[in-house]
Amino acid sequence: MHSHFSAFDWVLVVGFIIFYAWLGIAAKKRAGTLDDFLVMGRKLGPIWGLATLSATETGLVTLIYFAEEAYLSGFVALLLACIAALTMWTVGWTGFVIRKLRELRVRTVPEFLENRFNVRVRWIAGLASFVVGILNLGIFLQVEGAFLTVIMGLPPRSLPLMMGILLAVVLGYTAMGGMFSVVYTDIAQFVLVVVGVTVASFLIIHAAGGWGHMADVVMTRYGSGGFTFWDSPRYGIMFLVWSALYYLAGWSTWQPVVARVLSMRDIDTSLRLYRLSSVFMFLRAAVPM
């Protein structure tokens, strides 16, 4: 397998690993208490909150998924971007679930369930979150490990090793500084994603012949179904309702998202974070599409 990696590319890879290790060490100095480790001492401001929430919801799998949706359906796929943004803005406007979580000053969703019911429910919820998290992490590790293995020109049998390295890096900096480490690395990732996706988008649109040519291709391949959901064979009312419920549940109870809300300075800042982030939730889907 041929590798397109130059010496400069390898310097970037090793440099980022060292950079992330340094962020973990720097974060460790600030994570002195359990509150610091789990919710950053509730010191997270709106700008950093926007960066970490957006970064945690934008990865290689997310970008490819939304790009594939548009490739298979046309511009009608933008409805998913609208639903993701509108549901997040709605949660930020109404305070659905998250306002109560902040008022109770819990640090995790399972902790709330213990307060509401009993410790057994907390254990069950914690175990469910752990299993779902492992499955979710496994998908991302496998896809991103395969991506790196291919572009580095490594043999397919190197995939488990690549996945192990990625996992070790993530677990390493997270264990050192907890939420501080996560936020620091998310900010770096946010900058890379915004710059990389913006530059790539301009290059891709130019290579595709511009907006007019793209619209002509969609009309040729999908007809009116590429622009309106009622003519699309892949979308329908039930699918859109399911998508809205899926995002509404995710924005209000999915632990990686809620962790950012619980780390904010106060309730008002938490709600403002959601309203601000809703714009990026639209862009993270719309731009790949």
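FYI, side chains are in, hydrogens and waters are out, and symmetry mates aren't considered; it's all heavy atoms of this structure.
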Strictly distance-based, threshold 3.5 Å: is any side-chain N or O of [X] a donor or acceptor partner for the main-chain N or O of [Y]?
X	Y	value
Ser252	Leu248	yes
Thr228	Trp230	no
Thr58	Ala55	no
Thr56	Thr52	no
Ser54	Ala51	no

Which pair of non-hydrogen atoms, one from [X] and one from [Y], has the smallest distance, and what is that distance?
X	Y	answer
Gly49	Met264	CA-SD, 4.2 Å
Met162	Leu154	CE-CD1, 3.8 Å
Val261	Ile98	CG1-CB, 4.1 Å
Asp231	Ser224	OD2-OG, 3.0 Å
Ser270	Arg102	OG-NH1, 3.1 Å
Ser277	Leu53	OG-CD2, 3.5 Å

Do [X] and [Y] belong to the same hydrophobic cluster, where Ile, Leu, Val, Met, Phe, Trp and Tyr are linked whenever their side-chain heavy atoms lie under 4.5 Å apart, directly or via other members?
X	Y	value
Val191	Leu12	no
Trp242	Trp254	yes
Trp10	Leu148	yes
Leu167	Leu159	yes
Val257	Val97	yes

For residues 281-288, run the donor-acceptor check on the side chains, cut-off 3.5 Å, and write out each pair with its distance to 0.1 Å, sequence neighbours left out.
from: Arg284; atom 1: NH1; to: Glu57; atom 2: O; distance (Å): 2.5

Nearest 0.5 Å please: distance from the [atom1] atom of [X] over to the [atom2] atom of [Y].
X	Y	atom1	atom2	result
Phe66	Leu78	CZ	CG	10.5 Å
Glu69	Met289	CD	CE	6.5 Å
Arg157	Thr149	CZ	OG1	11.5 Å
Leu240	Leu80	CG	CG	7.5 Å

Close side-chain approach of [X] to [Y], heavy-atom, < 4.5 Å:
X	Y	value
Leu50	Tyr274	no
Pro46	Leu273	no
Phe280	Met88	no
Ile237	Phe229	yes
Leu101	Thr253	no

Over 12 foreign heavy atoms within 6.0 Å of CZ, Phe75: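 It does: Phe75 CZ has more than 12 such atoms within range.
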Residue pairs involving residues 173-196 (criterion salt bridge (charged side-chain N to carboxylate O under 4.0 Å, His left out); sequence neighbours excluded): Asp186-Arg260
Parallel, tilted or perpendicular: rings of Trp22 and Phe19 (30°, 60°): parallel
Parallel, tilted or perpendicular: ring planes of Tyr184 versus Trp48, cut at 30 and 60 degrees: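 Rings of Tyr184 and Trp48: perpendicular, as their planes differ by over 60°.
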Side chain to side chain contact (heavy atoms under 4.5 Å, CB included) between Phe16 and Leu192, worked out: CA-CA 11 Å; Phe16 272 111; Leu192 290 174; 3.6 Å; yes
Return all side-chain donor-acceptor pairs below 3.5 angstrom for residues 110-125, not counting sequence neighbours, or 'none' if the list is empty.
from: Glu111; atom 1: OE1; to: Arg107; atom 2: N; distance (Å): 2.8
from: Glu114; atom 1: OE1; to: Arg122; atom 2: NH1; distance (Å): 2.5
from: Asn118; atom 1: OD1; to: Arg120; atom 2: N; distance (Å): 3.0
from: Asn118; atom 1: OD1; to: Val121; atom 2: N; distance (Å): 3.1

Stepwise side chain to side chain contact (heavy atoms under 4.5 Å, CB included) test for Met163 and Gln142: CA-CA 7 Å; Met163 292 173 63; Gln142 196 276 335; 4.2 Å; yes
Expected list for residues 202-223: side-chain donor-acceptor pairs under 3.5 angstrom, two or more places apart:
from: His213; atom 1: ND1; to: Ala208; atom 2: O; distance (Å): 2.8
from: Thr220; atom 1: OG1; to: Asp216; atom 2: O; distance (Å): 2.8
from: Tyr222; atom 1: OH; to: Tyr71; atom 2: O; distance (Å): 2.2

Pairs satisfying side chain to side chain donor-acceptor pair (under 3.5 Å), at least one member in residues 72-88, at least two apart: Ser73-Arg234, Thr87-Trp251
Residue pairs, two or more places apart or on separate chains, that pass side chain to side chain donor-acceptor pair (under 3.5 Å) and touch residues 189-205: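 Residue pairs passing side chain to side chain donor-acceptor pair (under 3.5 Å), neighbours aside: none found.
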Side chain to side chain contact (heavy atoms under 4.5 Å, CB included) assessment of Leu79 paired with Val76: CA-CA 6 Å; Leu79 276 173; Val76 69; 4.1 Å; yes
